[in-house]
Amino acid sequence: MKFHIQTWGCQMNDHDGERLAGLLAAQGYESVATSEEADLVLLNTCSIREKAVHKVYSELGRLRMEKEQRPLLIGVTGCLAQQEQAALFKRAPQIDFVLGTMALKQLPSLVEQAMEGKKRLMDTNEYPDNHLFPPEVARRRSTAKALVTITEGCNHACTYCIVPTTRGVERSRPWQDIVAEVKGLVARGWKEVELLGQNVNSFAGGCTFAELLDRVAEVDGLEWIRFTTSHPMNFTEALAKTLVTNPKVAPFLHLPVQSGSNTVLRRMRREYTIEQYLERLGYLGEGKAKLCLSTDFIVGFPGETDDDFEDTMKVLETVRYDTSFSFIYSPRPGTASLRLKDDLPMAVKGERLKRLQARQAELSFESNKRFIGRDVKARIESHGTGEDGFWLARTGEWKVVHLATGPGRELPFGELVDLRITDASPHFLAAELV
Ligand code: 5AD
Ligand code: SF4
C-alpha cells in the first residue's frame with residue numbers, strides 16, 4: 001500500500017499531516033511523493049477562506065479522473081472534513097472516507113475498512129485524547145525545524161472564523177509531555193522547534209505559556225524555539241519578558257491585529273480595542289527593537305468604511321510590522337459574521353488590500369535593508385531551485401536568506417551558519433558565508 005498526503009493550510013495542519021503519515025507508516029504503508037504513484041491519497045484540507053476550499057474541490061475533481069483509470073482510495077481529513085462531514089460524499093462521491101480533525105488516530109481503521117471495500121466511511125467524533133499523541137508517531141518532513149503541537153482548538157469566538165468549529169474547544173498537552181518530546185527531537189538531531197496551537201498563549205498544560213517556553217529552553221542542545229499563533233488578549237507581560245530575555249526564544253512575534261478600527265474589532269469580536277493591542281505590544285519594552293514583528297489583517301470585513309480602513313493603515317504606520325499577511329474577508333459557513341450586512345463591492349475590497357500590501361512591501365523592504373552589513377546566524381533550510389550552490393536559510397527573526405556559495409559546496413541542512421548580509425529585497429536577504 002502506497003500513500004500520498006496532500007496538505008493545505010497552517011502549520012497545525014502540516015503537523016497533523018506528519019502524524020497521519022506516521023500512523024500509516026506504522027502499518028507498513030509506504031509514503032510516495034505524488035498521487036500518481038499512490039494507492040491511497042489523503043487530502044488534508046483547510047477551510048479558513050473560500051479559496052482554500054476551492055483548491056480541495058479542484059484536486060478532488062482531478063482525483064476522480066485518476067480513480068476512473070485505476071484502483072484508488074481517496075480520504076479527506078483536516079478542517080474541511082470536520083466542517084462538511086457527510087455533505088462531502090454528496091458533493092464528491094469519489095471520496096471513500098472522511099476523517100475529522102479530532103479523530104486522527106482512527107485513520108488506520110478507516111483505511112483498513114476502505115480496503116475491504118466499505119464505502120462512505122466517516123469518523124468526525126471528538127476524541128478527548130486527540131491532542132495526546134505519542135511523540136514518536138509523527139514522521140517529520142523538515143530536518144531544519146520540528147513542529148510540536150502544544151494546544152488544539154480555540155476558546156475565542158471571532159465572528160469571521162471557522163476554526164472553533166473545525167478544531168473544537170481548547171485542549172492543552174501536559175507540559176512534561178512537551179518537554180519530553182522536545183528532548184527526543186534534539187536527541188534525533190533537531191535543533192529548532194516551533195510550538196503550535198490556535199492560541200498558544202492560553203496554554204494550560206500545568207504551567208503558563210511563558211513558563212513552558214523557559215522549560216523547553218532548558219533542553220540541552222536546542223538552539224531556537226518559535227511559536228505560533230497568539231491572541232493579543234492572552235499575550236501577557238510575563239510572555240513578553242521571556243520573549244525578549246530568553247536567548248533560545250527566536251526574536252520574532254506574530255501577533256494578529258486583524259483591523260485598526262475599534263468598530264470593526266468589536267464586530268469581529270476580537271475582545272480588544274486597538275489601544276489595548278498597542279499596549280500589549282508595549283510589554284516588549286526596549287526589547288522590541290531586536291524583534292521582528294508580524295501580523296494578520298482582514299480587509300473588507302462587513303461594514304468596513306473608508307475611515308475604518310484608514311485606521312488599519314494607521315496601525316501599519318504605528319507598528320511598522322516587518323512582515324504581515326493580509327486577506328480579503330471570506331464569509332465562512334456557520335460563522336456569526338454571516339449575519340452582518342456585507343455590501344462593500346469586491347473591487348473596493350481589492351483596492352484596499354492592494355494598498356495595504358503595497359505599503360507593507362515598502363515596510364518589509366525597509367526592515368530588510370536594516371540587515372545589510374550585519375553578521376547573523378541563519379539555519380540552512382533547503383537547497384534553492386536550479387543552480388548549484390544556491391541555498392535558502394532563515395534567521396531567528398524569520399527572514400529568508402538567499403545564500404550563493406558557488407557550485408560544489410555542501411552546506412549542512414538544519415545547521416546554523418554564520419552569514420554576512422550583503423543585500424536586501426522586499427522579500428528576502430542576500431548573504432555570503434563568513
Ligand atoms: N476571511 C478572511 N481571513 C480570515 N482569517 C481567518 N478567517 C478569515 C476569514 N473568514 C485570517 C485571519 C487569521 C488568519 C490565519 O486568517 O487574519 O489571523
Ligand atoms: Fe486552515 Fe485554520 Fe484549519 Fe489551519 S486551523 S487548516 S488555517 S482552517
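Aromatic rings from Phe390 and His383 are positioned such that their centres are separated by 6.0 Å or more. Checked against the 6.0 Å centroid threshold, Trp391 and Phe413 count as a close aromatic pair.
Remark: of the listed residues Lys248, Lys377, Arg379, Arg379 is the sole one forming a salt bridge (Lys or Arg N to Asp or Glu O under 4.0 Å) with Glu223. Residue Lys145 is tested with Arg140, Lys191, Glu194 for a side-chain contact (heavy atoms from CB on, under 4.5 Å); the sole match is Glu194. Under the ring-ring contact (aromatic ring centres under 6.0 Å, His included) test applied with Tyr329, the options Phe297, Tyr160, Phe301 reduce to a single match, Phe301.
A donor-acceptor distance shorter than 3.5 angstrom exists from the side chain of Asp123 to the backbone of Asn125, with no hydrogens or angles considered.
For the pair Arg374 and Phe371, the cation sits on the ring face: its NZ or CZ lies under 6.0 Å from the ring centre, inside 45° of the axis. With Trp398 as the aromatic partner, Arg394 meets the cation-pi criteria of under 6.0 angstrom to the ring centre and within 45 degrees of the ring axis. Figure legend: cation-pi geometry between Arg49 and Phe327, with NZ or CZ positioned under 6.0 Å from the six-membered ring centre and within 45° of its axis.
Annotation: Lys241, atom NZ; neighbour count of heavy atoms from other residues, nucleotides and ligands within 6.0 Å does not exceed 12.
Below 30°, between 30° and 60°, or above 60°: for Tyr277 and Tyr272 the angle between ring planes is between 30° and 60°, a tilted geometry. Between His156 and His231, the ring-plane angle classifies as parallel under the 30° and 60° cut-offs.
For Asp322 and Arg370, the salt-bridge test passes: some basic side-chain N is under 4.0 Å from an acidic carboxylate O. Ion pairing between Asp308 and Arg352 fails under the 4.0 Å rule for side-chain N and carboxylate O.
Considering only residues two or more places apart in sequence or on other chains, Thr101 meets the side chain to side chain contact (heavy atoms under 4.5 Å, CB included) condition with Cys79, Gln82, Arg167. Among residues two or more places apart in sequence or in another chain, the side chain to side chain contact (heavy atoms under 4.5 Å, CB included) test is passed with Thr273 by Asn262, Glu275, Gln276.
Defined by atom type and a distance below 3.5 Å, a donor-acceptor pair is missing between the side-chain atoms of Glu432 and Thr422. Side chains of Glu37 and Thr34: a donor on one and an acceptor on the other come within 3.5 Å.
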